[in-house]
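The structure appears right after this line, and notes come after that.
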Amino acid sequence: MHDTDAKTPLEASLVDERRAKLTELRKSGNAFPNDFRRDSLTSDLHRQHGADDNATLEAAAKLVRVAGRMVLKRVMGKASFATIQDMSGRIQLYISNDLTGESAHQAFKHHDLGDIIGAQGALFRTKTGELSVRVTQLRLLTKSLRPLPEKFHGLTDQEQKYRQRYLDLITNEETRKVFASRYKIIQSIREFFVKRGYLEVETPMMHPIPGGAAARPFATHHNALDMPLYLRVAPELYLKQLVVGGMEKVFEINRNFRNEGISTRHNPEFTMLEFYEAYQDYIYLMDFTEVMLREVAEKVLGTTKFTYQEREIDFSKPFTRLTITQAIQKFHPQFTDTQLSDRDFLIDQLQTLKVSHKPRDGIGGLQLTLFDETVEHLLFEPTFIIDYPAEVSPLARRNDINPEITDRFELYIAGREIANGFSELNDPEDQAARFLEQAKAKEAGDAEAMHYDADYIRALEYGLPPTAGEGIGIDRLVMLFTDSPSIRDVILFPQLRRAD
RNA sequence: GGGUCGUUAGCUCAGCCGGUAGAGCAGCGGACUUUUAAUCCGUUGGUCGCGAGUUCAAAUCUCGCACGGCCUACCA
């Protein structure tokens with residue numbers, strides 16, 4: 001790999017060069033002053049004065065104080081230009097002997113790209129039309145000892161972008177935009193819920209019994225209590241306890257942890273929205289989800305039609321709703337109803353596809369595996385898949401007509417699962433039976449099967465009102481809205497192998 | 001975990017058939033008072049990811065290892 005820490009002779013010399021400059025700075029006073037206060041963000045200046053011509057600016061002679069990282073520098077003898085970048089954008093500085101005196105300008109010439117500087121001066125427009133600060137005072141606020149990535153291409157090395165995200169953020173505007181969008185997406189989701197009377201809560205990240213999802217947990221240990229704890233795989237069971245407690249509309253946006261593989265769609269810690277509303281069912285959730293996604297798209301992108309990896313996604317149309325077998329037949333019309341309800345046929349198909357299945361799987365489980373293998377990746381336009389088999393849905397309410405299936409859906413967009421929702425199972429005796437099933441599966445070696453959670457059963461015994469609940473993978477949503485091919489592109493510090 | 005591709009100066013990249021390294025940016029020195037990836041002249045800088053092997057000779061061929069990208073598996 002690229003070694004980012006060890007000092008090669010060259011890097012050492014570049015750093016030494018800058019370190020020597022820092023040593024000089026130390027001699028002439030505080031090298032890390034913290035008494036410069038800016039009064040303007042660069043984007044505000046562009047917004048307020050972007051339309052003013054030079055005569056107007058010169059007449060106003062508005063004095064501004066700006067600060068930021070120097071990202072471009074052009075020295076021309078007795079005058080110089082520099083571009084500084086702050087959290088909002090960039091602005092050009094004009095420095096000359098006439099304005100600051102020769103020695104200050106001379107000092108500036110030895111400042112390096114990457115240095116943090118503060119400047120004061122009046123706004124004007126250069127003859128090429130760029131809004132700039134005619135600097136009368138310039139200070140080096142923080143010396144940068146390490147050279148920045150190349151100013152034009154920025155940082156392109158994927159690994160370094162992830163490991164040293166600050167360099168990616170300094171040099172790549174696209175990256176800054178992605179994380180600004182991430183914030184906007186989460187914020188608009190939060191507003192969506194708050195507006196509808198939901199209460200935002202935080203439930204434990206450390207669980208004595210991991211539950212709420214079929215997944216392998218991270219294990220840890222509490223010393224004082226001398227007990228094992230697990231990082232949560234889902235907040236579900238706690239949130240439903242809150243509904244029992246009378247919080248009839250709750251949501252949580254927080255991290256989940258799953259001790260599983262890492263890929264372009266999976267990070268060991270990821271952000272999940274879960275929400276629960278009493279006296280509603282899964283049909284309501286699907287409608288609700290459509291409205292929410294449309295609103296978020298509108299707020300973040302300004303449109304409900306957008307492209308992801310060069311294919312169009314349209315949130316304005318009603319989302320398709322299909323059962324698992326309907327979805328299979330839509331993409332593979334050769335399968336008949338009789339075949340899809342024939343256990344031997346399904347097993348045969350899966351074997352042809354070289355896909356393993358659990359020996360305990362019933363018709364529903366086998367159908368779902370076939371769906372996962374042959375259809376899931378093809379669901380590009382938003383599609384709700386409904387009627388999940390009860391055997392793979394231990395927390396979902398059974399369907400009134402067919403108890404083999406549950407009132408549950410998953411939402412697929414761009415070939416990926418984005419959401420999972422259902423009418424909640426609020427029958428404590430059925431839930432206890434389902435937990436026992438899970439415990440049996442775990443006994444039989446299924447590492448992802450759930451534990452029997454007696455605390456949760458006890459809560460249900462006090463009475464969980466009929467409730468609908470859903471989880472939405474926020475990172476994957478952000479990937480969609482920012483056209484990011486990898487989940488690592490939407491998580492500031494994605495998990496990587498240790499660099500050493 | 002499996003497959004596959006990659007790793008050359010601080011950064012962005014050349015270097016293809018083996019003859020022991022190059023450009024641009026950054027740095028340093030110089031010219032230049034409206035440039036904007038400023039320009040022009042000069043110049044420093046590399047045990048070519050690590051370790052073996054083949055060879056008179058390896059950045060280049062072979063094998064192993066490390067790390068990363070992509071695909072795949074588990075999953076959201």
Side-chain angles (χ1 to χ4, degrees), chain A residues 1-4 6-18 20-21 54 71-83 90-99 102 105 109-110 112-114 124-130 132 134 145-163 167 171 213-216 233-234 256-274 354-356 372-373 376-377 410-412 416-420 446-448 471-477 479 485-488 496-500:
Chain A
M1 62 154 290
H2 308 261
D3 200 325
T4 49
K7 277 192 188 165
T8 62
L10 174 60
E11 187 180 16
S13 79
L14 287 171
V15 172
D16 285 348
E17 201 81 57
R18 291 176 176 223
K21 292 177 183 176
N54 191 43
V71 291
L72 291 172
K73 182 185 174 192
R74 298 174 285 280
V75 175
M76 296 170 303
K78 298 185 179 64
S80 299
F81 288 94
T83 302
R90 294 178 167 196
I91 198 157
Q92 178 169 266
L93 307 180
Y94 175 72
I95 304 116
S96 76
N97 286 358
D98 298 347
L99 296 160
E102 189 174 345
H105 184 214
K109 289 181 188 175
H110 290 99
D112 293 295
L113 293 185
F124 77 113
R125 198 172 287 283
T126 64
K127 74 179 181 192
T128 50
E130 179 153 352
S132 308
R134 194 193 302 277
L145 294 177
R146 289 176 180 267
L148 285 181
E150 205 242 8
K151 63 187 177 188
F152 184 63
H153 298 93
L155 188 64
T156 60
D157 183 277
Q158 283 296 331
E159 179 182 3
Q160 218 176 338
K161 278 161 70 83
Y162 300 145
R163 287 195 197 275
L167 291 180
T171 55
R216 303 172 72 155
V233 296
N256 287 349
F257 307 85
R258 297 190 183 174
N259 204 344
E260 287 156 358
I262 294 177
S263 76
T264 47
R265 291 172 290 277
H266 301 87
N267 196 61
E269 51 183 301
F270 62 100
T271 301
M272 184 90 157
L273 156 72
E274 281 206 15
K354 295 190 166 59
V355 177
S356 65
D372 286 343
E373 285 303 318
E376 177 174 338
H377 62 280
E410 288 192 352
L411 172 61
Y412 290 88
R416 295 173 195 149
E417 184 185 341
I418 294 291
N420 175 23
D446 183 351
E448 282 145 24
I472 297 182
I474 295 297
D475 310 278
R476 290 185 178 177
L477 206 57
M479 286 169 70
S486 170
I487 197 168
R488 295 186 196 101
L496 300 175
R497 216 174 282 267
R498 52 187 298 185
D500 282 336

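Per chain, numbering begins at 1; letters A, B, ... match sequence-line order.
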Report task. Please indicate whether A:Arg90 has more than 12 foreign heavy atoms, meaning atoms of other residues, nucleotides or ligands, lying under 6.0 Å from its CZ. Result ->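 Result for CZ/A:Arg90: enclosed.
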
Requested in this report: Report, as yes or no, whether the 6.0 Å neighbourhood of atom CD on A:Gln158 holds more than 12 heavy atoms from other residues, nucleotides or ligands.
Outcome: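 Result for CD/A:Gln158: enclosed.
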
Counting only side-chain nitrogens and oxygens, does [X] get under 4.0 Å of the OP1 or OP2 atom of [N]?
X	N	answer
A:Gln160	B:G68	no
A:Thr156	B:C13	yes
A:Arg488	B:G69	yes
A:Lys127	B:U35	yes
A:Arg74	B:A38	yes

In whole angstrom, give me the gap between the [atom1] atoms of [N] and [M].
N	M	atom1	value
B:G15	B:G6	P	12 Å
B:A52	B:C70	C1'	29 Å
B:U60	B:C17	P	10 Å
B:C5	B:G49	C1'	16 Å
B:A14	B:A23	C1'	7 Å
B:G42	B:G24	P	10 Å
B:G46	B:U20	C1'	13 Å
B:U35	B:C50	C1'	46 Å

Query raised in the report: Taking only Watson-Crick and G-U wobble pairs with both distances under 3.5 Å, what dot-bracket line describes RNA chain B, where [ ] shows pairs that cross earlier ones and | shows pairs with another strand?
Result: (((((((..((((.....[..)))).(((((.......))))).....(((((..]....))))))))))))....

Side chain of [X], heavy atoms from C-beta onward: which of [options] has the nearest atom to it?
X	options	result
A:Asp157	B:C74, B:U12, B:U34	B:U12
A:Tyr162	B:U33, B:C25, B:G69	B:G69
A:Met76	B:C70, B:U72, B:U35	B:U35
A:Thr126	B:C71, B:U35, B:U33	B:U35
A:His153	B:G68, B:U12, B:U34	B:U12
A:Ser486	B:C70, B:U12, B:A73	B:C70
A:Leu14	B:U33, B:G68, B:G10	B:G10
A:Arg163	B:A73, B:G68, B:C70	B:G68
A:Glu159	B:U34, B:C67, B:G27	B:C67
A:Lys151	B:C28, B:C25, B:U34	B:C25

Length of the [atom1]-[atom2] vector between [X] and [N], whole Å:
X	N	atom1	atom2	value
A:Arg216	B:A73	CZ	C1'	13 Å
A:Leu155	B:C11	CG	C1'	8 Å
A:Gln92	B:A37	CD	P	10 Å
A:Asp112	B:C11	CG	P	17 Å
A:Leu93	B:U33	CG	C1'	16 Å
A:Lys73	B:U39	NZ	C1'	16 Å
A:Arg18	B:G45	CZ	C1'	15 Å
A:Lys78	B:U33	NZ	C1'	8 Å

Report task. Please work out if A:Thr264 contacts a base, only the sugar-phosphate, or nothing of the nucleic acid, heavy-atom cut-off 4.0 Å. Result ->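 Sugar-phosphate, backbone atoms only, no base.
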
Report task. Search all heavy atoms of A:Phe257 against all heavy atoms of A:Val233 and return the closest pair with its distance. Result ->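 For A:Phe257 versus A:Val233, the nearest heavy atoms are O-CG1, 3.4 Å.
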
Query - Where A:Asn267 and A:Phe270 come nearest, the two heavy atoms and their spacing - result: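 Scanning both residues, the minimum pair turns out to be O-CD2, 3.7 Å.
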
Query raised in the report: Where each residue is assigned the nucleotide of RNA chain B containing its nearest heavy atom, which of A:Leu148 and A:Leu113 is assigned the position nearer the 5′ end?
Result: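 The 5'-side residue here is A:Leu148.
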
Report task. Identify, between A:Ser96 and A:Arg258, the residue whose nearest nucleotide on RNA chain B lies closer to the 5' end. Result ->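 Mapping each residue to its closest nucleotide by heavy atoms, the 5'-most match is A:Ser96.
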
Under 3.5 Å, is there any donor-acceptor pair linking the side chain of [X] to the base of [N]?
X	N	answer
A:Glu130	B:U34	no
A:Asp98	B:U33	yes
A:Tyr94	B:U35	no

Query raised in the report: Would you say the side chain of A:Ile487 lies within less than 4.5 Å of the side chain of A:Arg265, judging by non-hydrogen atoms?
Result: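 They are not in contact (no side-chain heavy atoms under 4.5 Å apart), so the answer is no.
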
Requested in this report: Could I get the full list of side chain to side chain contact (heavy atoms under 4.5 Å, CB included) partners for A:Leu148, not counting sequence neighbours?
Outcome: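 A:Leu148: side chain to side chain contact (heavy atoms under 4.5 Å, CB included) contacts with A:Arg69, A:Leu167, A:Ile170.
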
Query - Result of checking A:Lys109, A:Arg74, A:His105 against A:Ser80 for side-chain hydrogen bond (donor to acceptor under 3.5 Å, both in side chains) - result: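 Checked A:Lys109, A:Arg74, A:His105 against A:Ser80; only one passes side-chain hydrogen bond (donor to acceptor under 3.5 Å, both in side chains): A:His105.
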
